[in-house]
Asker: 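One structure, pasted below without further comment.
In what follows, every heavy atom counts, from backbone to side chain, and hydrogens, waters and symmetry copies are set aside. Numbered from 1 within each chain, the chains take letters A, B, ... in sequence-line order.
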There are 2 protein chains.
Amino acid sequence: MSQDLEQRKRGRPPSLAARAKALRAAHDILMNEGFGRLTIEAVAAKSGVSKPTIYRHWSNASELAMAALMIGYDGGETGGGGSLEDQLLAQMRSLVTAFATTRGRQIALTLAASDPESEMTKAFRNRVILSSRERGRELIEGAVNHGSMPAPEDIEVLLDMLYAPVFYRLLLGHLPLSLEFADSVVRAALAIMEVRQKG
Amino acid sequence: MSQDLEQRKRGRPPSLAARAKALRAAHDILMNEGFGRLTIEAVAAKSGVSKPTIYRHWSNASELAMAALMIGYDGGETGGGGSLEDQLLAQMRSLVTAFATTRGRQIALTLAASDPESEMTKAFRNRVILSSRERGRELIEGAVNHGSMPAPEDIEVLLDMLYAPVFYRLLLGHLPLSLEFADSVVRAALAIMEVRQKG
DNA sequence: TTCTATTTACGTTACGTATCGTAAATAAAT
DNA sequence: ATTTATTTACGATACGTAACGTAAATAGAA
């Protein structure tokens with residue numbers, strides 16, 4: 001076997017097909033019936049994947065729910081090319097798309113509003129809020145190192161200004177979380193950087 | 001409430017109907033499908049009694065199987081009246097009746113042949129073999145105290161001669177376990193007692 | 001190269017319990 | 001005597017795992 005391919009473990013490999021079936025079923029239940037109806041038994045029944053197999057991939061229903069929620073959200077990682085603005089725009093749009101639906105927002109709210117110490121809440125915060133912010137940091141630091149933009153005076157402030165408005169709307173729901181809104185936030189944040197550079 | 005009636009516990013009483021339904025279903029499964037098919041899930045499905053309720057009455061499938069097996073066996077306790085011979089005959093017939101069917105014998109064999117330390121085997125030994133023997137002891141001692149027969153020289157030997165042949169045939173199956181056989185054993189044992197009395 | 005042995009995953013079925021809403025009982029208050 | 005409060009059992013549903021037979025893979029022997 002070629003040395004640049006990861007050597008496959010002995011024995012029957014885990015089935016990506018089974019995993020995908022379970023995730024799709026979980027996603028369907030989340031979107032169509034709601035968070036409360038997402039149970040291991042329901043996913044097994046709907047997907048045809050056995051409970052032992054589901055438990056081989058995820059520890060509990062919360063983990064599965066989180067993974068299912070993430071199906072439509074790739075963290076902007078596909079936006080590898082283009083300028084910093086292009087990349088940030090791609091990430092923001094992906095983020096917004098994942099939660100813009102009514103049900104998506106309900107689920108996110110349920111997650112964020114539950115016990116702060118619950119696995120679900122911690123998973124949401126880590127997987128979505130903090131990881132999005134870290135991805136943004138990577139993009140900005142990459143652009144600075146690349147010489148395509150000057151180092152910001154305070155990158156933490158910049159990151160907060162990028163992501164706070166999106167999660168603010170997501171969690172409060174007082175105004176629509178649209179792609180236009182995502183674009184505006186990115187452009188405004190970058191404009192601040194340009195002003196600072198000129199001033 | 002009358003003081004000679006056991007005061008009923010507070011709260012919802014256990015349901016004798018539920019218990020009876022579960023026992024009947026278990027008995028049907030034992031007789032029609034065999035010991036291996038007797039599972040808590042099968043009994044719940046067949047009887048309509050929930051698994052939690054079944055577990056309130058019996059600790060596991062083995063206990064339930066034993067209880068179901070005993071449905072047709074009342075330990076000869078109904079033979080309250082009559083002579084010692086009448087009582088022993090009634091008990092022996094009841095015992096034989098419980099195991100005389102092909103399936104009954106298969107089940108008893110399965111029980112007796114399994115791991116000597118298993119709960120099932122212990123339960124069978126205690127509930128059937130030893131308790132039958134103890135019931136016989138009670139009947140004989142009752143008759144002696146009653147003055148209707150003299151004390152046997154060795155009651156343990158007498159009990160063995162009464163019950164060993166029945167269980168011997170039950171467990172080996174080399175000859176039929178019939179009501180006539182039960183009658184013969186009782187009469188032979190009593191005849192020995194009479195001979196000893198005269199000799 | 002083919003065959004056999006071994007390892008690991010999958011599905012089936014069962015286990016035994018947790019949680020919750022409801023039912024059936026008694027105890028206490030009115 | 002009636003109503004309300006409290007206790008305990010029931011059924012529904014879900015959880016998470018055990019055991020087993022089979023499938024899908026690699027490793028080793030021939």
Asker: Can you tell me how far C1' of D:dT17 sits from CG of A:N60, to the nearest Å?
Answerer: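 Those two atoms, CG and C1', are 14 Å apart.
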Asker: Can you check the A:E63 CD to D:dC15 C1' distance for me, whole Å?
Answerer: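 The distance from CD of A:E63 to C1' of D:dC15 comes to 15 Å, rounded to the nearest Å.
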Asker: What is the distance from CH2 of B:W58 to P of C:dT17, rounded to the nearest Å?
Answerer: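 So the two atoms are 15 Å apart, to the nearest Å.
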Asker: Of all the nucleotides listed (C:dC15, D:dA9, C:dT8), which has the minimum atom distance to the side chain of A:K9?
Answerer: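 In terms of side-chain proximity for A:K9, the closest of C:dC15, D:dA9, C:dT8 is C:dT8.
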Asker: Think A:T53 has a side-chain N or O under 4.0 angstrom from the OP1 or OP2 of C:dG11?
Answerer: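 So the side-chain polar atoms of A:T53 do come within 4.0 Å of the phosphate oxygens OP1 or OP2 of C:dG11, strictly under.
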Asker: Kindly indicate, with the supporting measurements, whether the criterion side chain to side chain contact (heavy atoms under 4.5 Å, CB included) is fulfilled by B:L190 and B:V186.
Answerer: CA-CA 6 Å; B:L190 292 182; B:V186 170; 4.1 Å; yes
Asker: Atom CD1 of B:I54 to atom P of C:dT17: distance rounded to whole Å?
Answerer: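 Result: 13 Å.
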Asker: Mind calculating the distance between NZ (A:K46) and P (D:dA14) to the nearest angstrom?
Answerer: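 The answer, rounded to whole Å, is 14 Å.
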Asker: What's the closest nucleotide to the B:R56 side chain, out of D:dT17, C:dC10, D:dC10?
Answerer: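 Nearest nucleotide to the side chain: D:dC10.
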Asker: What's the closest nucleotide to the B:Y55 side chain, out of C:dT17, C:dC10, C:dA25?
Answerer: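 Closest nucleotide to the B:Y55 side chain: C:dT17.
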Asker: Distance check needed: C:dT19 P versus A:E41 CD, whole Å only.
Answerer: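 A:E41 atom CD is separated from C:dT19 atom P by 16 Å.
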Asker: Answer with yes or no whether A:K51 presents, from its side chain, a donor or acceptor under 3.5 Å of a partner atom in the base of C:dG11.
Answerer: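 When only heavy-atom distances are counted, A:K51 does not reach the base of C:dG11 through any donor-acceptor pair under 3.5 Å.
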Asker: Taking atom types as modelled, is there a side-chain donor on B:Y163 or B:Q91 under 3.5 Å from an acceptor on the other?
Answerer: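 Yes - a donor-acceptor pair under 3.5 Å links their side chains.
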Asker: To the nearest Å, give me how far apart NE2 (B:H57) and C1' (D:dG11) are.
Answerer: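 So the two atoms are 13 Å apart, to the nearest Å.
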Asker: Is there a donor in the side chain of A:R135 and an acceptor in the side chain of A:S132, or the other way round, less than 3.5 Å apart?
Answerer: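 There is no such pair between these side chains.
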Asker: Expressed in angstrom and rounded to an integer, what is the separation of A:R37 atom CZ from D:dC15 atom P?
Answerer: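 A:R37 atom CZ is separated from D:dC15 atom P by 13 Å.
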Asker: Decide yes or no on side chain to side chain contact (heavy atoms under 4.5 Å, CB included) for B:H57 and B:E63, but give the supporting numbers first.
Answerer: CA-CA 9 Å; B:H57 290 280; B:E63 263 193 45; over 6 Å; no
Asker: Mind checking whether B:I155 and B:V144 have side chains closer than 4.5 Å, heavy atoms only?
Answerer: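 No. Closest side-chain heavy atoms not under 4.5 Å.
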Asker: Less than 4.0 angstrom between a side-chain N/O of A:S50 and OP1 or OP2 of C:dC10, yes or no?
Answerer: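 No, A:S50 has no side-chain N/O under 4.0 Å of OP1/OP2 on C:dC10.
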Asker: Among the candidates D:dA14, C:dA25, D:dT17, find the nucleotide nearest to the side-chain atoms of B:P13.
Answerer: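 Minimum distance to the B:P13 side chain belongs to C:dA25.
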Asker: Nearest to the B:R10 side chain among C:dA14, C:dT26, C:dA24, which nucleotide is it?
Answerer: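 Shortest atom-to-atom distance from the side chain points to C:dT26.
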Asker: Looking at the side chain of A:R12, which of C:dA24, C:dG11, D:dA24 is the nearest nucleotide?
Answerer: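 From the listed options, D:dA24 comes nearest.
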Asker: If you check every side-chain atom of A:P52, which of D:dG16, C:dT13, C:dA14 has the closest atom?
Answerer: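 Given the options D:dG16, C:dT13, C:dA14, the side chain of A:P52 is closest to C:dT13.
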